[in-house]
Peer 1: 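Before we start, here is the structure in question, set down as structure tokens.
No hydrogens, no waters, no symmetry mates; every other heavy atom, side chains included, goes into these values. Everything numeric in this text was worked out from a predicted model, so none of it was measured. If you read the sequence from its start, that first residue is 1, and numbering goes on from there.
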Amino acid sequence: MLSFRIGKQGSCGNLMEIDTPAPGPGQIGLEIHACALNFADLLMVEGRYQDTPPLPFTPGLECAGRVTAVGDDISEFQIGDRVAVFGGQGGLAEFGVFDAARAVPLPASVGYDVAAASLIAYGTSLLALEQQARLQKGETLLVTGAAGGVGLTAVEIGKHLGATVIAQARGEEKLAVAKAAGADHLIDASEDLRLRVKALGGADVVYDAVGGETWKAAFRATNPGGRLLPIGFAGGEVPQIPANHLLVKNLTVIGFYLGGLVSLRPELGRETFDKLMRWLAEGRITPHISHRLPLSETAQGLELIRSRKATGKVIMQPRPETSG
């Protein structure tokens, strides 16, 4: 089978032929039809991710496909079932083996590409905003990097939870994507974020996927008693948090990492992913996919993430003709 492999730390990776793996106890074998790229995949390829697997490995945190084999003690899945998987690695290949506990069944109306695009981004936003930050109806939510893979879902989920959403992104095209997802107010990344947000009444909850100077400006625009979620650091700088400002303004900074929470509370992850599949089938959420590429163009897909030329999700398709 073909797999996009990372052979040494910091290498760009190569598509190569390897043996098709067989599932062990508690695992399923999957014929992969779609794999969504994430910024975490890029960090993993570069050896800078907190959960980078031992070398060699196949990146690809989330994917969807058809079950081709089941290991011992598996009763919830059968050969032929359509599933989506948050496996943490292994999705950038024609076939993969994943823990059954990380898989959820797909409704008949949900395509492989749409399912693969939904687990991490929507799962992160739903759990971060609803469970961790406890975003309330009528509050103001600031989303930075709002046209990115997770940012767009935060805009969408924020509106579902009844918040007024301020979206920050770079350029008219990306801001238009955020507006289409439901954003009430738009701020270009070239503008003074703090002044613009303060003029809109400040933010009660901040969902920041950028870090660096963007985080600092968002931090200063947060209302007293507000909550801040540092979701990622796409800008490259992990900011320091001034504890004295937390004290004076009674602010709460909430760390959130989907992979860690799902490992700690697998039942919560499964419940969340099942809910997302239902929402997809009902049309309540609609992932924005800017690029669909064949597996052979994985390096180009990762470059779209690195250069920030993608909006929403980039989907790699080992079997483009059967991606739906």
Peer 1: Could you check whether any side-chain heavy atom of Phe95 comes within less than 4.5 Å of a side-chain heavy atom of Ser3, counting everything from C-beta outward?
Peer 2: no

Peer 1: Using the rule that Ile, Leu, Val, Met, Phe, Trp and Tyr join whenever any side-chain heavy atoms are under 4.5 Å apart, tell me whether Ile285 and Leu106 fall into a single cluster.
Peer 2: yes

Peer 1: Report yes or no: does Asp188 contribute a side-chain atom to a donor-acceptor pair with the main-chain N or O of Gly171 at less than 3.5 Å?
Peer 2: yes

Peer 1: Apply side chain to side chain contact (heavy atoms under 4.5 Å, CB included) to Val253 and Leu246, showing your working.
Peer 2: CA-CA 8 Å; Val253 177; Leu246 294 180; 3.6 Å; yes

Peer 1: Is there a path of hydrophobic side-chain contacts, each under 4.5 Å between heavy atoms, that joins Leu268 and Leu119?
Peer 2: yes

Peer 1: When you group the ILVMFWY residues by side-chain heavy-atom contacts below 4.5 Å and let the links chain together, are Val205 and Leu126 in the same group?
Peer 2: yes

Peer 1: With hydrophobic residues grouped by side-chain heavy-atom distances under 4.5 Å, do Phe256 and Ile241 end up in a single group?
Peer 2: no

Peer 1: Crowded around Glu172 CD? As in, over 12 foreign heavy atoms under 6.0 Å?
Peer 2: no

Peer 1: Stepwise, does the side chain to side chain contact (heavy atoms under 4.5 Å, CB included) test hold for Ile289 with Val314?
Peer 2: CA-CA 6 Å; Ile289 299 173; Val314 175; over 6 Å; no

Peer 1: Ignoring hydrogens and geometry, is there a side-chain-to-backbone donor-acceptor pair from Asn14 to Met16 under 3.5 Å?
Peer 2: no

Peer 1: Please assess Leu251 against Leu228 for the test side chain to side chain contact (heavy atoms under 4.5 Å, CB included), listing each intermediate value before the final yes or no.
Peer 2: CA-CA 8 Å; Leu251 300 178; Leu228 300 100; 4.2 Å; yes

Peer 1: Between the side chains of Thr164 and Thr140, does any donor sit under 3.5 Å from an acceptor?
Peer 2: no

Peer 1: Within the structure provided, determine whether Glu130 and Leu161 are in side-chain contact (heavy-atom separation under 4.5 Å).
Peer 2: yes

Peer 1: Where do Phe77 and Ala100 come nearest, in terms of heavy atoms and distance?
Peer 2: CE1-O, 3.6 Å

Peer 1: Rounded to the nearest 0.5 Å, how far apart are OG1 of Thr298 and CG of Leu293?
Peer 2: 8.0 Å

Peer 1: Is a salt bridge present between Glu62 and Lys313, judged by a nitrogen-to-oxygen distance below 4.0 Å?
Peer 2: yes

Peer 1: Verify the cluster assignment for Ile120 and Leu261: are they in a single hydrophobic cluster under the rule of side-chain heavy atoms below 4.5 Å apart?
Peer 2: yes

Peer 1: Under a plain distance cut-off of 3.5 Å, with no hydrogens placed, do Asp208 and Thr144 share a side-chain donor-acceptor pair?
Peer 2: yes

Peer 1: Return the CD to CG distance between Glu94 and Leu30, rounded to the nearest 0.5 Å.
Peer 2: 12.5 Å

Peer 1: Apply side-chain contact (heavy atoms from CB on, under 4.5 Å) to Ala147 and list each qualifying residue two or more places apart in sequence or on a separate chain.
Peer 2: Ala169, Lys174, Thr311

Peer 1: How close do Ala167 and Leu175 get, heavy atom to heavy atom, and via which atoms?
Peer 2: O-CD2, 4.1 Å

Peer 1: For the residue pair Asp51 and Tyr257, establish whether any side-chain heavy-atom pair is separated by less than 4.5 Å.
Peer 2: yes

Peer 1: Please determine if Lys309 and Glu303 form a salt bridge, counting it only when a charged side-chain N lies under 4.0 Å from a carboxylate O.
Peer 2: no

Peer 1: How far does NE2 of His291 sit from CE of Met316, to the nearest 0.5 angstrom?
Peer 2: 10.5 Å

Peer 1: Other residues, nucleotides and ligands only: do more than 12 of their heavy atoms fall within 6.0 Å of CD on Gln78?
Peer 2: no

Peer 1: Is the number of heavy atoms from other residues, nucleotides or ligands under 6.0 Å of Glu267 CD greater than 12?
Peer 2: yes

Peer 1: For Pro107 and Met277, work out which heavy atoms get closest and say how close.
Peer 2: CG-O, 3.6 Å

Peer 1: Tell me the closest heavy-atom pair linking Leu135 and Gly158, and the distance in Å.
Peer 2: CD2-CA, 4.0 Å

Peer 1: Taking only residues two or more places apart in sequence or in another chain, which ones pass side-chain contact (heavy atoms from CB on, under 4.5 Å) with Gln136?
Peer 2: Arg134, Glu139

Peer 1: If we only count heavy atoms from C-beta on, is the Val97 to Ile28 side-chain gap below 4.5 Å?
Peer 2: no

Peer 1: Please report the interatomic distance OG1(Thr272) to CG(Leu127), rounded to the nearest 0.5 Å.
Peer 2: 3.5 Å

Peer 1: Is the charged tip of Arg48 near the ring of Phe233: under 6.0 Å from the six-membered ring centre and within 45° of its axis?
Peer 2: no

Peer 1: Answer yes or no: is there a side-chain heavy-atom contact under 4.5 Å between Pro239 and Glu213?
Peer 2: no

Peer 1: Answer yes or no: are there more than 12 heavy-atom neighbours, outside Asn244 itself, under 6.0 Å from its atom CG?
Peer 2: yes

Peer 1: Given 3.5 Å as the limit, does a donor-acceptor pair link the side chain of Thr214 with the main chain of Val210, or not?
Peer 2: no

Peer 1: Taking Arg5 for its side chain and Gly13 for its backbone only, find out whether a donor-acceptor pair lies under 3.5 Å.
Peer 2: no

Peer 1: Looking at Ile187, is its backbone amide N or carbonyl O close enough to the side chain of Arg196 to form a donor-acceptor pair, meaning the two atoms are under 3.5 Å apart?
Peer 2: no

Peer 1: Considering all heavy atoms of both residues, which atom of Ile231 and which atom of Ala128 are nearest to each other, and what is their separation?
Peer 2: CD1-CB, 4.2 Å

Peer 1: Has Tyr122 got a side-chain atom pairing as donor or acceptor with Thr286's backbone, closer than 3.5 angstrom?
Peer 2: yes

Peer 1: Let's go through Lys275 and Glu282 carefully: what are the C-alpha distance in whole Å and the side-chain angles of both, what is the deciding distance for salt bridge (charged side-chain N to carboxylate O under 4.0 Å, His left out) to 0.1 Å, and is it a yes or a no?
Peer 2: CA-CA 11 Å; Lys275 178 188 290 187; Glu282 295 166 1; over 6 Å; no

Peer 1: Give me the atom names and distance for the closest heavy-atom approach of Pro287 to Ser118.
Peer 2: CG-OG, 3.6 Å

Peer 1: Is a donor on one side and an acceptor on the other found under 3.5 Å between the side chain of Asp41 and the backbone of Asn38?
Peer 2: yes

Peer 1: Between CD1 of Ile157 and CG of Leu152, what distance do you get to the nearest 0.5 Å?
Peer 2: 11.5 Å

Peer 1: Would the distance check show the side chain of Arg278 and the main-chain N or O of Phe273 forming a donor-acceptor pair, the cut-off being under 3.5 Å?
Peer 2: no

Peer 1: Thinking salt bridges, do Arg82 and Glu31 make one under a 4.0 Å N-O criterion?
Peer 2: no

Peer 1: Quick one: does Gln27's side chain have a donor or acceptor within less than 3.5 Å of a partner on Gly24's backbone?
Peer 2: yes

Peer 1: Should Arg66 and Asp81 count as an ion pair when the cut-off is N to O under 4.0 Å?
Peer 2: no

Peer 1: Is the shortest heavy-atom distance from the side chain of Gln317 to the side chain of Asp113 under 4.5 Å?
Peer 2: yes

Peer 1: Quick check on Lys249: does its NZ atom have over 12 non-hydrogen neighbours (other residues, nucleotides or ligands) under 6.0 Å away?
Peer 2: yes

Peer 1: Any donor and acceptor pair, going by atom type alone, linking the side chain of His185 with main-chain N or O of Leu142 inside 3.5 Å?
Peer 2: no

Peer 1: Is there a side-chain contact between Leu2 and Glu17 in this structure, where contact means two heavy atoms from C-beta onward sitting under 4.5 Å apart?
Peer 2: yes

Peer 1: Do Ile166 and Leu200 come within less than 4.5 Å of each other through their side chains, counting heavy atoms only?
Peer 2: yes

Peer 1: In Å, rounded to the nearest 0.5 Å, how long is the span from CZ of Phe39 to CG of Leu61?
Peer 2: 13.0 Å

Peer 1: Around atom CZ of Arg220, are there more than 12 heavy atoms of other residues, nucleotides or ligands at under 6.0 Å?
Peer 2: no

Peer 1: Do the side chains of Asp184 and Lys159 get close enough for a salt bridge, i.e. N-O under 4.0 angstrom?
Peer 2: yes

